[in-house]
Structures are given as structure tokens and as C-alpha cells.
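Given the structure is predicted, the values throughout are model-derived calculations rather than measurements. Side-chain atoms are counted along with the backbone in the values below, which use heavy atoms only and exclude waters and symmetry mates.
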Amino acid sequence: MQIAPNDSLTRFRESIKQGIPDTLPAPYVYDSNVNHAPKRKKILSEAEEELALRNALRYFEPKHHATLLPEFKKELQDYGRIYMYRFMPAYEIKARNIEDYPYKSKQAAAIMLMIQNNLDHAVAQHPHELITYGGNGGVFSNWAQYLLTMKYLSEMTDEQTLAMYSGHPMGLFPSHKGAPRCVVTNGMMIPNYSQPDDWEKFNALGVTQYGQMTAGSYMYIGPQGIVHGTTITVLNAFRKIKKEPTGNIFVTSGLGGMSGAQPKAGNIAGCITICAEMNPKAVHTRHSQGWVDVVIKNTEQLITRVKEAQSNNEIVSIAYEGNIVNVWEALYEANIDISIGSDQTSLHNPWAGGYYPVDLSFEESNEMMSDHPEEFKKEVQRSLRRHVDAINKHTDKGTYFFDYGNAFLLESSRADADITGEDKEFRYPSYVQDIMGPMCFDYGFGPFRWVCASNDPEDLKKTDQIATDVLEQLSQDAPECIQQQMQDNIKWIKGAQENKLVVGSQARILYADAQGRIEIARAFNKAIADGYIGPVVLGRDHHDVSGTDSPYRETSNIYDGSRFTADMAIQNVIGDSFRGATWVSIHNGGGVGWGEVINGGFGMFIDGTIEAETRLESMLFWDVNNGIARRNWARNDNAVFAIKRAMELNPQLQVTLPHSVSDDLLNKV
């Protein structure tokens with residue numbers, strides 16, 4: 001039952017239902033206080049620019065074309081894209097109570113809630129350009145797409161499905177109650193037209209977009225979405241080198257989007273974290289939100305503060321406003337040991353703001369990347385060579401460095417940095433190869449998340465307690481080999497409230513296997529039926545057991561040669577779609593870049609009904625075990641154990657098991 005509207009709520013609902021307005025809104029006034037996307041390089045010919053304008057104007061009645069044409073042409077010239085700024089809504093975009101949205105299908109209202117959360121100014125990296133994180137991970141390409149999508153969702157019934165083509169709402173199509181309410185595709189290029197300049201060109205034409213992982217699938221929940229996985233990674237990195245976090249140093253970079261989770265994770269793990277960031281606005285945002293404790297702008301002050309923290313055994317996170325290369329070099333010169341190190345700049349997007357080269361200011365870099373892109377590329381690659389040289393000096397002294405799935409190793413190798421290994425592809429491992437793959441993904445543990453659709457903090461507290469109770473009960477009978485994962489998650493969820501992780505929607509994330517996800521979701525559904533909490537949206541990061549095929553990240557610990565295939569991700573999203581997901585998504589591109597990964601995601605709305613329980617049991621079981629089965633077939637020992645256990649828990653599951661070949665036998669051939 002929708003709540004009685006006040007005047008403000010009525011206007012909001014009418015704006016949603018209106019879609020693209022018949023009367024043009026006032027022209028856009030550029031807001032310099034907002035963190036804007038960098039200008040994209042000029043990629044279109046004159047004929048293609050004309051085509052981009054035709055593509056943009058097709059959203060509007062011909063009577064508006066004379067007014068909008070010069071405006072859109074200027075946007076294309078000034079920013080390299082047509083964002084249609086004029087049509088950005090006047091109302092505040094944020095996650096609201098689900099009953100605030102105008103709807104005929106409550107599932108559609110849940111999708112509206114999640115879309116708005118992705119574009120909340122507190123959540124999105126470049127909100128005016130509809131980019132959620134990663135520098136170019138977009139929810140939509142332009143504001144007309146947003147307006148039209150929200151209108152369609154407000155009109156949708158439970159017997160229709162919205163088809164989303166790379167941000168464009170193709171339309172509502174007849175389906176049935178058990179079908180997904182929305183099917184999302186992003187960046188799905190023909191392989192022979194999937195090179196960097198192709199992506200730039202077709203994105204500028206307005207016909208495709210890079211949806212990142214959870215941006216274009218409406219499941220981003222702010223940096224909390226990765227802080228738990230980052231905490232697990234940092235904790236296990238210290239366990240790997242047999243050091244306690246207290247008094248020891250974790251060095252990394254990147255405070256925008258997901259990478260803003262790093263200092264918070266360092267604090268939870270209990271170490272000294274130094275995280276460099278070139279963008280002053282990103283530094284200010286994370287500091288004001290409490291995700292980082294201290295901001296320092298020169299290396300001399302940094303050295304002094306680090307020594308002070310070490311002598312006092314402090315747990316502290318430091319944002320260095322400047323270039324990460326200077327940090328690595330300064331700490332080496334000061335003879336300060338780094339225990340663990342990584343990097344989480346957006347190197348999947350190295351030439352358009354994902355990585356800023358050393359010795360250039362933030363402003364100089366932004367100007368060079370748009371006006372002199374080839375020179376900028378050379379500067380980035382020069383900086384990467386110097387970056388790697390500094391890291392190598394520290395690792396020679398004992399630092400444990402790992403690639404954090406941002407294409408650091410890949411782009412460094414392309415820059416001819418000293419990153420090649422003697423008996424392996426790269427000198428350093430991916431964090432999935434060393435930590436998350438064997439310890440979590442192979443066992444089926446991955447980033448399960450939920451959003452309280454009431455947007456009520458009290459509901460979030462209640463769901464935290466429900467999840468804690470479920471995990472504690474399951475841990476009593478859990479096999480010894482997954483007890484560490486269980487205990488890490490119980491500790492995490494118990495400390496979730498005090499760590500103040502919420503940015504945007506009332507959401508939570510924890511790492512759980514199929515059994516844990518199903519039991520937590522089932523408990524939520526019962527609590528909803530009992531009136532204890534409001535409805536809940538279930539989801540996960542695509543960075544998970546089976547949603548993503550990414551040879552340098554999620555599937556980097558697959559050694560049977562299949563890590564460059566994408567059957568798992570495609571099977572995953574197809575299987576989710578007919579097992580009960582509310583919406584599904586499949587993307588070309590993700591955390592390591594467009595063309596480097598295929599990843600799929602889902603969202604599921606649960607409302608306390610028997611139908612919701614049936615859907616969650618069927619879909620969540622498949623969503624995890626699809627990936628375990630593939631990892632098992634790759635002969636990953638932990639996955640073989642996990643899939644055998646899954647077959648014992650559900651006799652309807654029958655999976656092909658691998659046979660191992662004797663090394664001695666192969667050596668004799």
C-alpha cells in the first residue's frame with residue numbers, strides 16, 4: 001500500500017511518470033562543486049558527429065530540435081559526449097522508501113530505487129555524467145535514457161519485461177509473472193569491433209556504454225560494496241606473510257568509487273594504511289564521509305606521520321593527496337618498510353582519467369588527456385615503469401605486493417615495465433590467485449548483498465542481527481576448512497553498525513556460500529511475512545564465484561586453459577533469468593576493462609511470499625554452484641570439495657567431477 005503523498009512527494013511521482021517533458025527545462029548551469037568526468041578525447045569524424053547528434057535528437061519531438069541541436073553539439077565538442085545536462089531532474093536523486101515510487105509492479109519500484117541509489121551524489125563518482133564509479137562505469141549514457149527508463153518502470157506490470165540496451169530502454173515487452181522484470185545488456189560489441197578506439201567511438205555515438213560491473217546493473221551500494229572483500233584480502237595478506245596488522249603498513253592508491261573502501265578496510269583490519277589519490281574532490285569526499293582519517297599533501301609530513309603511527313602502534317588511515325609513485329619512492333628513501341602493497345587506480349581506463357602520471361598535476365593531466373591523447377598515453381606508460389621500479393625496490397626488501405584486479409599488471413606489462421616473472425606471466429600475483437580464489441571463490445564464498453527497500457536504518461539493524469544469527473548457527477556444523485571464512489564474516493557483520501559503512505541506500509554486504517545466502521534470504525523472507533521488516537532487494541557484486549569470467553582477476557586461479565573463455569558468465573545470467581531473478585544483466589567489461597571480461601549480475605526482490613521463497617532457493621543455489629562446478633572442472637581442489645558437499649546437500653545436483661593425471665605418467669610420454 002503506497003503511503004499518502006505530500007506535495008513534494010506528489011511532484012516527485014509526477015516527474016517520474018512524465019518521462020521526457022513536453023516543455024523544455026531550463027538550460028543546465030555547470031556546477032563546479034560536483035566531481036565531473038574528464039573530457040573524452042575527440043574520436044568522431046565530422047560525419048560521425050552528425051550521426052551522434054541525430055542519435056541524440058531522436059529522443060525528442062522535432063519541435064525541440066532547433067533549440068537542442070546547438071546545445072548538444074557544444075556538449076559533444078566540450079566533453080566528448082552528449083549527456084543532455086538540461087534534462088537532469090530537479091528533484092534529489094537518492095534511494096527512497098520503496099513506497100515513494102509510483103508503480104504498478106512493486107518489483108519495478110525496487111529497480112527504480114536501485115537506479116536512483118547508483119546516481120546519488122553521495123554514491124556516484126561523476127553524478128552529472130551518470131557515472132557511478134571506475135571513471136566510466138555508467139548507469140545511462142544520457143539523461144533522456146534515465147527519464148524514459150523511470151517512466152517505463154512506473155508503468156510496468158508484473159506481466160511485462162523492460163529490455164535495456166546499453167543504457168537505452170528499448171521498451172516494455174509482454175512476458176509473464178515469473179520472468180525477470182528487466183534484462184540489461186551493456187557494451188556487448190561484435191568481437192572484431194571491440195578495440196579501445198571502437199569503444200570510445202560507439203560510446204560517443206550514443207549507441208553503447210561501459211556498465212562496469214554493478215553500475216550498469218543497478219546494484220552498486222557505495223564503497224561498502226567492496227570494503228568487506230578488501231578487509232578479507234588485507235587480513236589474509238597479513239596472515240600470508242605471518243605478520244600482525246598492528247604497526248605494519250599497507251600502501252595503495254585510489255579513493256574514487258570502489259577504491260575508497262581501502263582505508264576503511266585497513267582500519268577494520270587494524271593496520272596503518274596509506275592511500276594516494278590525485279583528485280582533491282575524491283579525497284575531500286572520502287575524508288568528509290569518515291572513510292579516511294587523515295589527509296596529508298607532502299611526503300615530508302607523510303614520513304613524519306607514519307613514523308609517529310608506528311611508534312604508537314596506531315590504527316590509522318592516511319590519504320596522501322598526490323601521486324602514488326612519490327609515496328613509494330619517499331618511503332624507500334626514508335627506509336620505511338611496507339608490509340603489503342597494491343594499487344586500485346582505474347587502470348582498466350588508463351587513458352581517460354583512470355591513472356594519473358607522476359610529475360603532472362591533476363589539471364595538467366586532464367588537459368593533456370583530451371587535447372594531446374598520444375602524449376598523455378606516453379606519460380602514463382612512463383609513470384607505470386617508474387611506479388613498478390619503486391615497487392620492485394620494496395619487494396626486494398620483503399614487501400608482499402599483489403595486483404588488485406584493476407589491470408595494474410596488465411597495463412604495466414604493456415608499458416614495458418619490469419613486471420614479467422621468471423617462471424610465470426607476471427612477477428606478482430593477482431589477489432584472486434593468492435587469496436580470494438583458493439580461500440573464498442573455490443569454496444563458494446562471495447559478496448552477497450542486500451538493500452532494505454524501506455530505506456529504514458532500523459530495518460538494516462534487524463537484518464544485520466538476522467544474518468548474524470544464521471551464520472552463527474551454520475558455523476556450528478561447518479567443515480573445518482571453511483571455519484575461518486565463517487568467523488571472519490561473523491566478526492564483520494557484528495561490527496558493521498559501528499564501522500558506519502552505509503553510503504546511500506540502507507545496504508549491507510557479507511561473504512557467504514550458497515547455503516549461507518539461501519538461509520539468510522529465507523530468514524529475511526520470513527521476517528517480511530511476519531511484518532518485522534519491510535521488503536528486501538537481494539544481489540551481489542559481479543566479483544563473485546560464478547558471475548564473472550575475467551582472466552586476470554575473478555578467474556585468474558583457473559589453470560586448465562579456460563580462463564579466457566566466457567561460458568560461465570553467460571550460463572550464469574541465463575540460469576538466473578529463468579530461476580527467479582527480478583532483473584539480470586550481462587556486460588562486456590568490468591573492473592579490469594572493456595573487452596577484458598564478461599560479467600553478469602542480478603537483483604531479486606523478496607516480499608515475504610511463498611513465491612519469493614521458491615525463487616530465492618532455486619536461483620541462489622544455481623548462482624553460486626554454477627561457478628563452483630566450473631572451478632571443480634578446472635581441478636581446483638577446494639572447489640572439488642565444495643561441489644561434492646553441494647551434491648550431498650541437494651541430491652538433485654549432479655556435476656561432472658575431474659580425474660587427475662599422474663605427473664610421473666606424463667613425464668614418461
Side-chain angles (χ1 to χ4, degrees), residues 221 223-246 248 250 252 258 261-271 273 315 317 339-340 342 400 402 404-405 430-450 463-501 507-520 523 540-541 543-545 554 557 624 627-628 638-639 641-642 645:
I221 59 170
Q224 179 191 181
I226 197 173
V227 72
H228 181 34
T230 308
T231 302
I232 290 174
T233 302
V234 173
L235 279 172
N236 284 310
F238 278 113
R239 288 169 182 157
K240 191 172 182 66
I241 62 174
K242 296 179 171 57
K243 285 186 179 181
E244 291 296 322
T246 306
N248 285 303
F250 168 41
T252 185
M258 293 195 305
Q262 296 179 108
K264 175 69 80 172
N267 279 6
I268 295 170
C271 61
T273 304
I315 297 171
S317 55
S339 295
I340 60 174
S342 193
Y400 171 59
F402 55 88
Y404 217 153
S430 154
Y431 75 116
V432 173
Q433 287 176 297
D434 255 20
I435 297 170
M436 300 304 288
M439 296 185 67
C440 292
F441 293 168
D442 284 355
Y443 284 117
F445 282 83
F448 178 58
R449 55 179 64 172
W450 65 88
T463 57
D464 284 345
Q465 187 59 54
I466 291 169
T468 301
D469 293 343
V470 169
L471 291 178
E472 287 183 331
Q473 182 64 38
L474 290 176
S475 70
Q476 294 178 17
D477 300 316
E480 185 177 350
C481 57
I482 61 171
Q483 279 293 337
Q484 183 69 69
Q485 291 90 324
M486 298 293 289
Q487 295 309 313
D488 281 349
N489 276 288
I490 290 168
K491 181 179 178 181
W492 161 267
I493 198 70
K494 283 185 173 180
Q497 293 287 332
E498 65 183 69
N499 286 318
K500 298 179 180 177
L501 300 165
R508 187 67 72 225
I509 183 173
L510 58 77
Y511 269 52
D513 60 6
Q515 185 183 28
R517 300 182 204 204
I518 291 169
E519 292 302 327
I520 290 170
R540 57 159 168 77
D541 195 343
H543 172 60
D544 197 5
V545 181
E554 283 79 4
N557 71 316
V624 175
I628 300 177
N638 294 344
F641 169 85
R645 180 168 176 252

- Task: With side-chain contact (heavy atoms from CB on, under 4.5 Å) as the test, would you mind laying out the steps for Tyr400 and Ile241 before giving the verdict?
- Result: CA-CA 7 Å; Tyr400 171 59; Ile241 62 174; 3.6 Å; yes

- Message: When you compare the side chain of Gln465 with that of Gln497, does any pair of heavy atoms fall below 4.5 Å?
- Response: no

- Separation between CD1 (Ile520) and CZ (Arg508), nearest 0.5 Å, reads 12.0 Å

- Task: Indicate yes or no: at least one non-hydrogen side-chain atom of Tyr404 is less than 4.5 angstrom from one of Gln262.
- Result: yes

- Task: Starting at CG of Leu474, measure out to CD of Glu519 and round the result to the nearest 0.5 Å.
- Result: 6.0 Å

- Trp492 and Thr231 side chains, donor-acceptor separation under 3.5 Å: no

- Message: So, taking the atom named CE in Met439 and the one named NZ in Lys240, what distance separates them when rounded to the nearest 0.5 Å?
- Response: 8.5 Å

- Query: Any side-chain heavy-atom pair from Gln515 and Arg645 closer than 4.5 angstrom?
  - Reply: yes

- Message: With a sphere of 6.0 Å drawn around CD of Glu472, does it hold more than 12 non-hydrogen atoms of other residues, nucleotides or ligands?
- Response: yes

- Task: Identify, with sequence neighbours excluded, every residue that meets side chain to side chain contact (heavy atoms under 4.5 Å, CB included) alongside Ser475.
- Result: Gln483, Met486, Gln487, Ile490

- Does the side chain of Phe402 come within less than 4.5 Å of Asp434's, by heavy atoms? no

- Hey, are Gln484 and Asp488 close enough side-chain-wise for a donor-acceptor pair under 3.5 Å? yes

- Query: Would the number of heavy atoms belonging to other residues, nucleotides or ligands and lying under 6.0 Å from NZ of Lys243 be above 12?
  - Reply: yes

- Message: Can you list everything that forms a side chain to side chain contact (heavy atoms under 4.5 Å, CB included) with Pro245? Sequence neighbours excluded, please.
- Response: Phe238, Cys271

- Can you find a heavy atom in the side chain of Leu471 that is under 4.5 Å from one in the side chain of Leu510? yes

- Message: Do Cys481 and Phe641 make a side-chain contact, defined as non-hydrogen atoms from C-beta onward lying under 4.5 Å apart?
- Response: yes

- Looking only at side chains, do Asn489 and Tyr511 share a donor and an acceptor under 3.5 Å apart? no

- In sequence, state the C-alpha distance, the side-chain angles, and the governing distance for His228 and Phe448, and then conclude on ring pair (Phe, Tyr, Trp, His ring centres under 6.0 Å). CA-CA 10 Å; His228 181 34; Phe448 178 58; over 10 Å; no

